[in-house]
Amino acid sequence: PRGVSGPIATGRRSGVMCDDAGGMRGAVRSGCAGVLLLICGQGYAGASEGAAGPFVHAPAPPDNPLKGFCPYAGQAREFPHSLEFSYFPLSDLMDGPDHFTWDPLEAFIRDVNSRGCQAVFRVYLTFPGKPSGIPKFLVDGGLMIHRCTQPASRADPGTDTPDYADPRLRAALRAFIAALGKRYDGDPRIGYVTAGLLGFWGEWHTSPCDGLMAGRAVRDEVMDAFQKSFRETPILLRYPGEENARRPFGYHDDSFAWATLPVDRRRDDWFFVARLEAAGKEALDKWKTRPIGGEVRPETWGTLWDEKPGVPPGQEFQRCVEATHASWLMDSSIARPLAGDRLARAVAGARRLGYEFQVTGARVARSRVRVTVRNTGAAPLYRRWPVRLVALDEAGNRAAEWGTDWNLSGLLPGDPDRVWEQSPDLTGLAPGRYRLGISVPNPMPGGRPLRFADRAQDRDAPGVLTLGTIRLR
């Protein structure tokens, strides 16, 4: 036979279509029970024994890389996740106009990586309730500090916020971003960087003291610096707006499932989706090329996974995911005890975020491999990670691997299936039976590989989706 093809089904057994030319036609027809891949190139013959299948869709793991829920570093160790987060005061990382102290950030990254996760972080100058993050050399140099207090609270000691217009602070911010990018842009240990630096919590607002926020010129300088210094690692901004809609940044909604979807158009004009809409088509389509992240609002943590979640009307979690196409969310609800149905709902919520890739067909004919893949998730993969062909021997060891020009980046939910084709060089393989599969390794050493939404994923080897069997003689 020249080859056998068949779809990898969703939720049911796959059918098989045999492209035969006599020979073992009867054996193939009686032996196929799924997708049987036969290589019949020159010098090789297929065998009907040991066919893989049937292939059945199954949800991809909730800890697939670069997506899902993102706890604070070291928390939620019982919940499956691939990202961990931390804040850093700028004063911990910068102690002079051109002198930087990376040890705290490096220690965090190494700690997160030790658990197979990738790091997400934000640097701030002001954080209500915490000591100032303004570098001492700036304060000693005469940087003016303002204090913002909550007008209705006599107990509020206030939050120190700098004079953002001061040229010394502006120069320091530009220098820091340039140094950060030089050291960390493209570092596979890092998943995302939220821009931070300006406003309370690095969220680009100083409410209720709006007059203390950095002006447009300072915001533009910070965005220019990030745009110049980061070409690979995604940078996310807090608020969509006309001033950033055309820039190469994603967004993070830090009031997710609380102030995401506008219900009252006049009152809710600051909600995340309302801001997207006000910023125009470029912002609304941002998710197609730049990641959307955020944080589940703390008020929901205790009830988010109840049968009746404690979110405001119109802010249901799944509706918010569908509207924003979010890939990842900081969420401390998963650091709390979860069991039974509440745990199942939380895991399902993690799976809904970001991409989910399903192989929908596979074929090998005359030594040429053809695979079709579909994105059934909420967002694309924003990194170009290598896809590899793998041959496993009968013991499950990797007998051979081949690089490909295949990639998953940019494949949007609802797009036509992406088709991959390649002819692997089999001459280095000894005669015998092999399982042929695909893998998408994580560029970070020790990082979780990307896994497909198929029951056959990891069945024969970690990180490998088996497509079928071949026998070489």
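Just so you know, these numbers use all the heavy atoms, side chains as well, and skip hydrogens, waters and symmetry mates. Along the sequence shown, the residues carry numbers beginning at 1. Computed from a prediction, not measured in an experiment: that's the story for all the values here.
- In terms of heavy atoms, Ala378 sits closest to Val321 at CB-CG1, 4.0 Å.
- Applying the side-chain contact (heavy atoms from CB on, under 4.5 Å) test to Pro298 and every residue at least two apart in sequence or in another chain returns Trp301.
- Atoms CG and CD, on Leu343 and Glu78 in that order, are 10.5 Å from each other to the nearest 0.5 Å.
- Aromatic ring pairs are classed by plane angle as parallel below 30°, tilted from 30° to 60° and perpendicular above 60°; the pair Trp406 and Trp420 is parallel.
- Taking Arg168 as the reference, Asp166 meet the side-chain hydrogen bond (donor to acceptor under 3.5 Å, both in side chains) condition, with sequence neighbours excluded.
- The two residues Tyr355 and Pro65 make their nearest non-hydrogen contact at OH-O, 2.7 Å.
- Within the structure, every pair that satisfies the salt bridge (charged side-chain N to carboxylate O under 4.0 Å, His left out) test and touches residues 122-133, not counting sequence neighbours, is listed here: Arg122-Glu203, Arg122-Asp254.
- In this model, no donor atom of one side chain and acceptor atom of the other lie less than 3.5 Å apart for Thr101 and Asp95.
- Note: Phe200 and His205 have perpendicular aromatic rings, judged against thresholds of 30 and 60 degrees for the angle between ring planes.
- Judged as a salt bridge (charged side-chain N to carboxylate O under 4.0 Å, His left out), the pairs with a partner in residues 60-74 (not counting sequence neighbours) are, in order, Asp63-Arg448, Asp63-Arg451.
- Applying the side-chain contact (heavy atoms from CB on, under 4.5 Å) criterion to Pro462, with sequence neighbours excluded, gives no partner residue.
- Taking the side-chain contact (heavy atoms from CB on, under 4.5 Å) definition, one finds that Lys288 meets it with Asp285, Leu412, sequence neighbours left out.
- Checked against the 6.0 Å centroid threshold, Trp305 and Phe69 count as a close aromatic pair.
- Distance OG/Ser82 to CG/Leu66: 6.5 Å, rounded to 0.5 Å.
- Applying the side-chain hydrogen bond (donor to acceptor under 3.5 Å, both in side chains) rule to Arg189 yields the partners Glu106, Asp187; only residues at least two apart in sequence or on another chain are considered.
- Rounding to the nearest 0.5 Å gives a distance of 9.0 Å between CZ of Phe357 and CG of Asn64.
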Test side-chain hydrogen bond (donor to acceptor under 3.5 Å, both in side chains) on Asp160 and Ser132 and set out the steps. CA-CA 7 Å; Asp160 287 345; Ser132 172; 5.4 Å; no

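- Aromatic ring centres of Trp328 and Tyr192 lie closer together than 6.0 Å.
- Between Phe108 and the options Trp102, Phe88, Tyr184, a ring pair (Phe, Tyr, Trp, His ring centres under 6.0 Å) holds for only Phe88.
- Closest heavy-atom contact between Gly199 and Tyr164: N-OH, 2.8 Å.
- A disulfide (SG to SG under 2.5 Å) check over residues 180-239, counting only residues at least two apart or in different chains, returns the pairs Cys148-Cys209.
- Other residues, nucleotides and ligands place no more than 12 heavy atoms under 6.0 Å from the CZ atom of Arg246.
- By the 4.5 Å heavy-atom criterion applied to side chains, Ser332 and Gln75 are counted as neighbours.
- In this structure, CD in Gln315 is found 12.5 Å from CZ in Phe272, a value given to the nearest 0.5 Å.
- Note on residues 224-266: pairs passing ring pair (Phe, Tyr, Trp, His ring centres under 6.0 Å), not counting sequence neighbours, are Phe226-Phe230, Phe256-Phe317.
- Under the 3.5 Å distance criterion, with hydrogens and angles disregarded, no donor-acceptor pair is assigned to the side chains of Thr161 and Thr126.
- Pairs engaging residues 340-361 under the salt bridge (charged side-chain N to carboxylate O under 4.0 Å, His left out) rule: Asp306-Arg342 [sequence neighbours left out].
- The CG atom of Leu198 lies 6.5 Å from the CG atom of Leu173; values are rounded to the nearest 0.5 Å.
- Of all heavy-atom pairs spanning Leu197 and Leu125, the tightest one is O-CD1, 3.3 Å.
- Arg297 meets the side-chain hydrogen bond (donor to acceptor under 3.5 Å, both in side chains) test with Ser255, Glu299; sequence neighbours excluded.
- Glu242 has no carboxylate O lying under 4.0 Å from a charged side-chain N of Arg219, or vice versa, which leaves the two without a salt bridge.
- A distance of 10.0 Å separates CZ of Arg174 from CG of Leu169, quoted to the nearest 0.5 Å.
- Of the charged side-chain nitrogens involved, none lies within less than 4.0 Å of a carboxylate oxygen, so that Lys228 and Asp185 do not count as a salt-bridged pair.
- Considering only residues two or more places apart in sequence or on other chains, Asn442 meets the side-chain hydrogen bond (donor to acceptor under 3.5 Å, both in side chains) condition with Gln118.
- Donor-acceptor pairing under 3.5 Å is recorded for the side chains of Asp253 and Thr260.
- Under the 6.0 Å cut-off for aromatic ring centres, Tyr87 and Phe127 qualify, their centroids lying closer than that.
- Here the closest non-hydrogen pair linking Leu143 and Pro162 is CD2-CB, 3.9 Å.
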